[in-house]
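Quick caveat, the model's predicted, so the values are computed rather than measured. Convention: sequence-line order gives letters A, B, ...; per-chain numbering from 1.
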Number of protein chains: 2
Amino acid sequence: MPRAGLTETRVVEEGERIADEVGLSGLTLAALAERLGVRQPSLYKHVAGTDGLRRSIALRAKTELAGVLRRATVGRARGDAISSMAWAYRAWATEHPGRYAAAQRAPVPGDLEDERASADVVQVAFDVMAGYDLRDDDAVDAIRGLRAALHGFVTLEAAGGFGLPVDINRSFDRLVVGLATAFAEWSDGSGGGDR
Amino acid sequence: MPRAGLTETRVVEEGERIADEVGLSGLTLAALAERLGVRQPSLYKHVAGTDGLRRSIALRAKTELAGVLRRATVGRARGDAISSMAWAYRAWATEHPGRYAAAQRAPVPGDLEDERASADVVQVAFDVMAGYDLRDDDAVDAIRGLRAALHGFVTLEAAGGFGLPVDINRSFDRLVVGLATAFAEWSDGSGGGDR
DNA sequence: GGTCGATAGCTATTGACATTAGCCCAATGG
DNA sequence: CCATTGGGCTAATGTCAATAGCTATCGACC
């Protein structure tokens, strides 16, 4: 009986494919093993069970997303950077729904590698906010707002929560532009850090 | 052997409690049966399996949430109404995380009761937007943006996605006010329905 | 080329959970 | 008092995760 030649990378990548095709909840070790031509328990030689597999997918997804966002912002500033980043975020999430869902789990405290990957995503947004002269708490507020809006939009869209036959791209654009405008107003003194 | 005296309502309410206590994913028929002092298969006399139970919880959650939001908006208008509704939304979601999660599933097409309950929630937001003179597509854009922001914020908060030690209430307030301001600008001609 | 150790993949087993089939007895109404 | 309804039960099946322990393959090294 010849070996299947699995590696952790091959297992995780096939898991990503399943997650994107049938949703994260449809990613089972049974389905994964079948796709790899192997019996379920064999997977434990390469990944630490369901939890380990999901963590690996999350880690890679966060890293990839951070790169996508970073590339979307180079050479752009302020509202231009925010819009570009927002569209890149939505596009990636839409194209990779399973990976995106996996990336939502917050790292378990003490998991330095995961904490690092999560921070990388946030760092892109931080850098964009610096272009607005938003710093410290103001930047945190803006990032939280932007993340919430993007994550909520993408999630609702994926769940079919936008039932009405109205152009979704237009809704998204107006939301992003509206937020960018709000951030711009925060930065010029009117609604600064005191409340 | 005396009867347990279950009804559909009792079963669903206990299910809601479990979901809020341990999360929607922790709501199993096994756990529910144990809490009710009954064997698993007995539950099938009252609810249609896991799917039916979750649907019932979702239905009740949507109805309750719609009522909460409605009460938060009476006697208020424009930004005041939006803020009040937003805070009520977040408070309810935070206090009832399991029910809130259950309410996120979109109704299966043709499930009129569920479609009705879902529409009730949206209707509250529609009525608020009418106070901004936002109608039709403009109102849809605004509602999608608001829903996305609220849902995203609440979800990220519940998942522990806001790691930094910065006041979350303040971040939420600024997001809501920022959106309300953006909506106000949409309504006075500057960014109307053409794009 | 032969040997040996590490380990990939296997079978077998256990345990949680969902679900269906079919039984029996309790409650209710005539 | 009896008949019907239906609530709760046991038994059984299927899916999936996970662990234990075996075997044989592969690569390193002599």
Side-chain angles (χ1 to χ4, degrees), chain A residues 1-60 97-99 101-102 104-105 108 111 114, chain B residues 1-60 97-99 101-102 104-105 108 111 114:
Chain A
M1 49 193 75
R3 296 215 173 163
L6 297 186
T7 63
E8 172 172 0
T9 302
R10 239 180 86 43
V11 171
V12 172
E13 284 177 352
E14 194 64 39
E16 289 175 339
R17 254 170 246 133
I18 295 177
D20 281 340
E21 287 170 17
V22 303
L24 187 60
S25 61
L27 171 61
T28 69
L29 292 186
L32 181 53
E34 181 170 6
R35 292 253 294 233
L36 291 169
V38 132
R39 306 287 184 154
Q40 281 116 306
S42 306
L43 298 178
Y44 285 81
K45 297 283 166 141
H46 303 282
V47 294
T50 300
D51 280 353
L53 174 64
R54 280 170 149 74
R55 175 185 171 277
S56 294
I57 293 177
L59 213 59
R60 289 164 48 100
R99 277 177 252 193
Q104 295 315 312
R105 288 184 183 266
V108 306
D111 183 343
D114 197 351
Chain B
M1 49 192 76
R3 297 218 173 162
L6 296 187
T7 63
E8 172 173 0
T9 302
R10 241 180 85 44
V11 171
V12 172
E13 285 176 351
E14 194 65 39
E16 290 175 339
R17 252 170 250 132
I18 295 177
D20 281 340
E21 288 170 16
V22 302
L24 186 60
S25 61
L27 171 61
T28 69
L29 293 185
L32 180 52
E34 180 169 6
R35 291 254 295 232
L36 292 168
V38 131
R39 305 287 184 154
Q40 281 115 304
S42 306
L43 298 177
Y44 286 80
K45 296 283 166 133
H46 304 282
V47 294
T50 300
D51 281 353
L53 174 64
R54 279 170 149 75
R55 175 185 170 277
S56 294
I57 294 177
L59 212 60
R60 289 165 48 102
R99 277 178 251 193
Q104 294 316 312
R105 287 184 183 267
V108 304
D111 184 342
D114 198 351

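- The CG atom of B:Leu27 sits 12 Å away from the C1' atom of C:dC17 (whole-angstrom rounding).
- Comparing atom distances between the A:Arg3 side chain and each of C:dT7, D:dA20, D:dC16 picks out C:dT7 as nearest.
- Between A:Ala4 and A:Val38, the shortest heavy-atom contact is CB-CG2, 3.8 Å.
- B:Gln40 places its CD atom 15 Å from the P atom of D:dG8, with the value rounded to the nearest Å.
- Checking the phosphate oxygens (OP1, OP2) of D:dT10, a side-chain nitrogen or oxygen of B:Arg39 falls inside 4.0 Å.
- Residues A:Leu53 and A:Leu32 are in side-chain contact: their nearest non-hydrogen atoms beyond the backbone lie under 4.5 Å apart.
- Considering only the side chain of A:Leu29, D:dA17 comes nearest among D:dA17, C:dC10, C:dA18.
- Across B:Arg60 and B:Val12, no two heavy atoms sit closer than the pair CD-CG1, 3.6 Å.
- Scanning all heavy atoms of the two residues, the minimum distance from A:Arg55 to A:Asp111 falls at NE-OD2, 2.6 Å.
- Enclosure of atom CZ in A:Arg105 is not indicated, since only 12 or fewer non-hydrogen atoms of other residues, nucleotides or ligands lie within 6.0 angstrom.
- Non-hydrogen atoms lying under 4.0 Å from DNA chain D are contributed by B:Lys45, B:His46, all within residues 43-58 of chain B.
- Summarising the geometry, the separation between CD on A:Glu8 and C1' on C:dG9 is reported as 17 Å, rounded to the nearest angstrom.
- Taking 4.0 Å as the cut-off between side-chain N and carboxylate O, B:Glu13 and B:Arg10 do not count as a salt-bridged pair.
- Contact between the side-chain N/O atoms of A:Ser42 and the OP1/OP2 oxygens of C:dA8 is not found at any separation under 4.0 Å.
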